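This is a predicted model, so every value here is computed, not measured.
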Amino acid sequence: MKKLLLTLLSIMPLLPAMAAETTNNVAPWGWAVCSDEAGTAYTLSGGCFTDATKKTLTALGSGQDDDAQIKQAIAQNDIIILDGSNGEFILNEYIKVSAKNKTIIGINNARLRTKFYLTPDDIAYLKSKNLDQYSSTEQLHNVTLHDGKTFESVDERAYYTMQAVEELQYQKTGAYSLPNKSGIFSIESGSENIIIRNLSLIGPGAVDIDGSDLITNMGTHVWIDHCTFQDSQDGALDSKRCDWATYTYNYFYYTDRSYSHAYTCGCGWANGEMTLHLTFASNIWGEGCMRRLPQCGDCYVHLVNNYHNCPGNSECMAINDNCKALVENNYAAAGVNKPLTGSGSGRNITVRDNSFSATSIGSEVTVPYSYAKIANADVPTTLTGTEGAGAKLGNDADYILSTIPTGTRAETVYVIVKNDAHIGGSITEVGGITVSFDPSVTDWKSGGSGSSATTTDGVDLSGYYTYSENNNGAPINIQTTQAGTLTIFLGGDINNTKTVYMTEGENGLTGKVLTTNAEIASGSKPATTIKVWDGLVYTLEANKTYQFKITSTKWRLAAIRYIQGTTGIQNVKKGVINDNTIYDLQGRRVTNATKGVYIINGKKVVIK
């Protein structure tokens with residue numbers, strides 16, 4: 001039923017804006033809501049759970065940096081609302097988003113601006129250096145900048161531009177430095193289920209110093225919608241070893257604050273592996289955009305209903321090595337150069353119904369998801385209209401959130417078994433934590449014989465537990481990226497004469513001991529005794545390091561479980577969400593349904 005719901009939610013996104021006032025407030029769709037090339041549905045909720053935590057921020061003002069408060073809000077909440085009513089949010093450097101299940105939206109003309117920017121005097125100085133004389137393809141080898149940074153290989157123009165910018169910084173600060181962290185968000189590897197909407201992102205101006213993007217995407221299942229990207233230092237929205245992403249109704253442009261390298265959307269660079277599945281739909285590339293609109297390599301990409309209005313550019317959509325591309329119903333304005341270009345091997349490009357002429361290459365390319373599209377001639381009017389491309393969704397947070405499907409709160413269960421590769425190592429971060437075992441402990445052994453083993457709240461761990469002998473506690477280290485509830489299930493008898501420790505820095509935390517309902521009801525086991533299959537429950541904060549251990553020469557571990565954002569243990573959730581939330585066929589939540597067709601619990605329902 002989830003697949004049915006997502007298909008219905010994603011079928012409407014590309015109808016003309018003039019059809020209805022709310023048409024462009026679409027639900028997530030495209031490759032972002034797929035989990036494989038067959039189109040198996042993925043619920044992209046951005047952490048919009050039924051019990052989602054929200055935080056609304058305004059800028060601190062008076063020239064203060066807003067980095068810390070935004071980082072804290074992202075770490076501690078599911079939905080972050082940036083309210084522009086107190087002016088621009090100022091960032092000293094880009095914010096790393098290393099998390100799962102996050103939605104970041106803007107209201108009241110929310111603008112995030114980099115603290116560093118190129119002044120007219122800076123640009124005049126750069127022009128005086130005649131940097132255009134240097135090649136952007138010829139390489140220099142084993143060279144060093146003023147600040148001591150060395151390069152085995154770097155193109156000439158970038159190297160001499162970096163030298164010139166360091167000289168500018170020396171004149172201003174007395175130290176040679178590169179302000180190359182002047183971006184807004186970096187969605188880090190391992191991040192998943194991320195939504196960013198209705199924000200204006202203002203960079204320092206384009207300059208070729210190996211700098212930061214306004215948004216770098218290295219996550220999975222990411223939807224970026226209705227954002228304005230202005231004057232990015234390097235890329236505006238670069239996709240680097242990410243996957244399953246959709247970019248819709250965004251507006252990219254540059255002003256006279258930019259100097260060079262107005263290269264907007266680079267995608268791929270995956271060393272010949274086709275690992276990126278990307279949808280670009282209904283975006284505008286406007287004034288000052290020169291290249292990478294987008295440029296793709298090692299991608300499976302869908303480009304539909306985009307508007308290139310950047311006369312005098314170098315080239316627009318570039319499809320290079322090892323790509324599959326479906327390019328349809330796009331519009332290029334007069335004076336735009338090379339609307340569709342590219343080169344390399346392993347290319348399959350299907351071209352149809354664009355405003356410009358281009359030829360298909362190789363096998364036909366299709367996409368597995370449902371979508372609608374408009375005629376290329378209608379693209380400029382649609383994308384420049386009400387709720388067209390850019391941060392145009394208004395000031396109502398509930399409205400901006402209204403078409404995002406409600407998801408289930410993520411839960412991770414780590415089951416540790418004999419000879420598990422994680423013993424003596426670490427478990428890759430999934431669901432908000434990384435678990436690592438003391439590498440000096442090597443005597444983890446198998447326990448259990450496959451008999452029934454149901455934990456306090458119904459998790460079946462039959463036959464899965466281990467123990468360690470003569471290890472003086474065998475500590476487990478836990479690092480969190482998101483707040484949540486940790487439960488450590490014990491796989492063997494540990495009586496109440498032994499002490500359980502959970503520590504964070506200098507501060508010890510007290511574990512809550514749970515017992516089986518049957519034992520509590522019968523009175524056969526006091527709640528203070530720790531026995532097999534019990535769970536020790538802890539509420540952990542985001543971005544902390546904890547250590548768990550038991551004072552014993554032997555203790556047994558069944559599993560480690562983590563539930564993001566919760567304050568107490570929850571039952572295992574399986575299957576479809578049955579919360580009776582009502583959606584119309586455009587994916588908008590409905591409070592009071594009248595006559596018509598709606599989606600309730602994943603089913604189409606007719607109300608008469």
Practice task
Taking all heavy atoms of I404 and all of P28, pick out the closest pair and write down the distance.
Solution key: CA-CD, 4.3 Å
Exercise for the section: Report yes or no: is the cationic atom of R157 (NZ for Lys, CZ for Arg) under 6.0 Å from the centre of the six-membered ring of Y134, at an angle within 45° of the ring normal? Expected result: no
Fill in the blank from the handout: Partner of Y251 under ring-ring contact (aromatic ring centres under 6.0 Å, His included), picked from Y249, Y253, Y254, is Y253
Exercise for the section: Check the angle between the aromatic planes of F280 and Y247 and answer parallel, tilted or perpendicular using the 30° and 60° thresholds. Expected result: perpendicular
Problem - Geometric class of the F252/W285 ring pair [parallel <30°, tilted 30-60°, perpendicular >60°] - result: parallel
Is [X] salt-bridged to [Y], going by a charged N under 4.0 Å from an acidic O?
{"X": "D298", "Y": "K324", "value": "no"}
{"X": "E93", "Y": "K115", "value": "no"}
{"X": "D78", "Y": "K55", "value": "no"}

Exercise for the section: Sort out for me which residue in I123, V165, D256 forms a side-chain contact (heavy atoms from CB on, under 4.5 Å) with L118. Expected result: I123
Exercise for the section: Establish, from distance only, whether the side-chain atoms of N283 and N250 form a donor-acceptor pair under 3.5 Å. Expected result: yes
Handout entry: Within-4.5 Å side-chain heavy-atom neighbours: I95 and I74
Key = yes
Handout entry: Partners meeting side-chain hydrogen bond (donor to acceptor under 3.5 Å, both in side chains) with H221 (sequence neighbours left out)
Key = none
Exercise for the section: Would you indicate whether Y125, at its atom OH, is surrounded by more than 12 heavy atoms from other residues, nucleotides or ligands within a distance under 6.0 Å? Expected result: yes
Exercise for the section: Output all residues satisfying ring pair (Phe, Tyr, Trp, His ring centres under 6.0 Å) with Y307, sequence neighbours left out; order by chain, then residue number. Expected result: Y331
Exercise for the section: For R113, check salt bridge (Lys or Arg N to Asp or Glu O under 4.0 Å) against everything at least two apart and list the hits. Expected result: E88
